[in-house]
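Note on naming: letters A, B, ... go to the chains in the order of the sequence lines (proteins, then strands), and numbering restarts at 1 for each one. Every value quoted in this text rests on a predicted model; they were computed, and no experiment measured them. Quick note: numbers below take in every heavy atom, side chains included, and nothing from hydrogens, waters or symmetry partners.
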There are 2 protein chains.
Amino acid sequence: MSFTYEYPRAALTVDAVIFGYDASENELRVLLIQRALPPFQGKWALPGGFVRVGESTDEAARRELQEEAGLQKVFLEQLYTFSAPERDPREHVITVAYMALVHLLDHPPQAATDAAQAAWFSLSELPPLAFDHDQILETAHRRIQSKIRYEPIGFELLPSKFTLTQLQHLYEAVLGQALDKRNFRKRFLAMDLLKDTGEVQQDVAHRAAALWSFDRRRYERLRKEGLNFSL
Amino acid sequence: MSFTYEYPRAALTVDAVIFGYDASENELRVLLIQRALPPFQGKWALPGGFVRVGESTDEAARRELQEEAGLQKVFLEQLYTFSAPERDPREHVITVAYMALVHLLDHPPQAATDAAQAAWFSLSELPPLAFDHDQILETAHRRIQSKIRYEPIGFELLPSKFTLTQLQHLYEAVLGQALDKRNFRKRFLAMDLLKDTGEVQQDVAHRAAALWSFDRRRYERLRKEGLNFSL
DNA sequence: ATGCATAGTGTAGATGTTACACCATGAGCT
DNA sequence: AGCTCATGGTGTAACATCTACACTATGCAT
């Protein structure tokens, strides 16, 4: 790495694709923010912002999540860095994109923000997006679809206690395909990652389902021993 | 993305983990460059350099590959972005790391460079590296190991014509585990991605093996139809 | 002609995957 | 109390895939 410091520097931002799962509609959703300022004024965009000197991009992403969407302690992972010089019409802005997963119930549709308006959109009814955010979102969607098959990230989208049917519906929503009920249960229970809470659903007009929770401790243990989680 | 332009900006670089496969030693190797200047003067480092304004990080990575290692038209993909503020002792430098795969024979050990010395190191005999390059290299190693299982990237490391035994040895070197000869051939041939060139090895003191080549066209076709390449 | 090194090939048993249908339970209603 | 209704919860047989494993074929060197 031969260094010279005289080069002009591109600006650096982070942007986050925040997924939530709407159990009542059985849909995967994304949190978008309506831009108050040009360029793309009035268009919807991913929440994000400037990376500050002295702060890692992970830190910047968490800070923006907090500032723009009021989210704390959510699942967050780096996705990809987008750097086409023309992606921002003003100047060369490079963005490190992140993917976040949240429990929708904890974070109601009109998540509070500084100034801008925020809303959850279903993936099938996306508005036109600012910048190259459609590309970023597509990348995130592919990532979650492939990742959910071999890592137990689905639980990040559900409340801490859930029924097996809810879990299955979530997987179906993320993968966009129906799954066989008996096989789904058999496999998931065989992995031994779920803990039966002993509780059951309340207030349902039919047989109440058992409530399960994800046993993260057991997962970490199994992972070290070379577990092969795979749906 | 709320913008203000007064922030100081971190510097942005690209670094590349360049893998080559040494068929005679059955080893995966990495191209490193010895630093001529501080910090980490004299230490080995990944080739890389500044991203210029108006240039994507992909372009920057290709330019650096050319300038520092004389490499053109190689397989290149983005790996991860490393951004810890203390990773460069001088100031906050964020780097977008790339992974490149080359045919070692085309690019002999002492690849020409501007000023610095370059050399291929086997993964088991790495020198101490500058910056956080050991971390980047480890990330790249994990990536190639998982990626080679479900995408046909092994061919990027071999000459265009190769024997099945060479292919198997390459996989064994990358994965770090022995594979069964008959099963390996059965599976690979069943995928229907190899073209028999009709030629055989020359100048060997035993039965000559058939030479095969990767049929990229057929692969692209099958991929669109939802091929499941997997070793 | 023999030796030697590597090329090239098949199968049986075990394991994992798929497709598929019925009884159980509990709330709500009459 | 008994029925209805909606969803919960369960097993198996056919099929496909994966694994382990050993011998013959070829061609050069001597």
Looking only at the side chain of [X] (C-beta and beyond, no hydrogens), which of the listed nucleotides [options] gets closest?
X	options	value
A:Ala205	C:dG8, C:dG28, D:dG8	C:dG28
B:Lys186	C:dA7, D:dG8, C:dT11	C:dT11
A:Asn183	D:dG8, C:dA19, D:dT19	C:dA19
A:Ala210	D:dG9, D:dG8, C:dG8	D:dG9

Between [X] ([atom1]) and [N] ([atom2]), how many Å, whole number?
X	N	atom1	atom2	answer
A:Gln168	D:dG8	CD	C1'	12 Å
B:His169	C:dA5	NE2	C1'	13 Å
B:Asp180	D:dT17	CG	C1'	15 Å
B:His206	D:dA29	NE2	P	11 Å
A:Leu164	C:dA24	CG	P	20 Å
B:Arg207	C:dA7	CZ	P	9 Å
B:Phe188	C:dA7	CZ	C1'	18 Å
B:Phe184	C:dG10	CZ	P	18 Å

Would you call [X] and [Y] a salt bridge, using N to O less than 4.0 angstrom?
X	Y	answer
B:Glu67	B:Arg63	yes
A:Glu156	A:Arg216	yes
B:Arg217	B:Glu220	no

Exercise. Should the ring pair B:Tyr80 and B:Phe82 be called parallel, tilted or perpendicular, given that the plane angle runs from 0 to 90° and is split at 30 and 60?
Worked result: perpendicular
For this session: Just say parallel, tilted or perpendicular for the rings of B:Phe188 and B:Tyr171, cut-offs at 30° and 60°.
Result: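 The rings of B:Phe188 and B:Tyr171 stand perpendicular, inter-plane angle above 60°.
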Problem set entry | Pairwise 5' ranking along DNA chain C for B:Ala209 and A:Arg187, keeping only the more 5' one | B:Ala209
Exercise. Any donor-acceptor pair under 3.5 Å joining the side chain of A:Arg182 to the base of C:dC20?
Worked result: yes
For this session: Return the 5'-most residue of the pair B:Lys181, A:Gln201 with respect to DNA chain D, ranking by each residue's nearest nucleotide.
Result: A:Gln201
Exercise. Is the shortest side-chain N/O distance from B:Thr165 to OP1 or OP2 of C:dA7 below 4.0 Å?
Worked result: yes
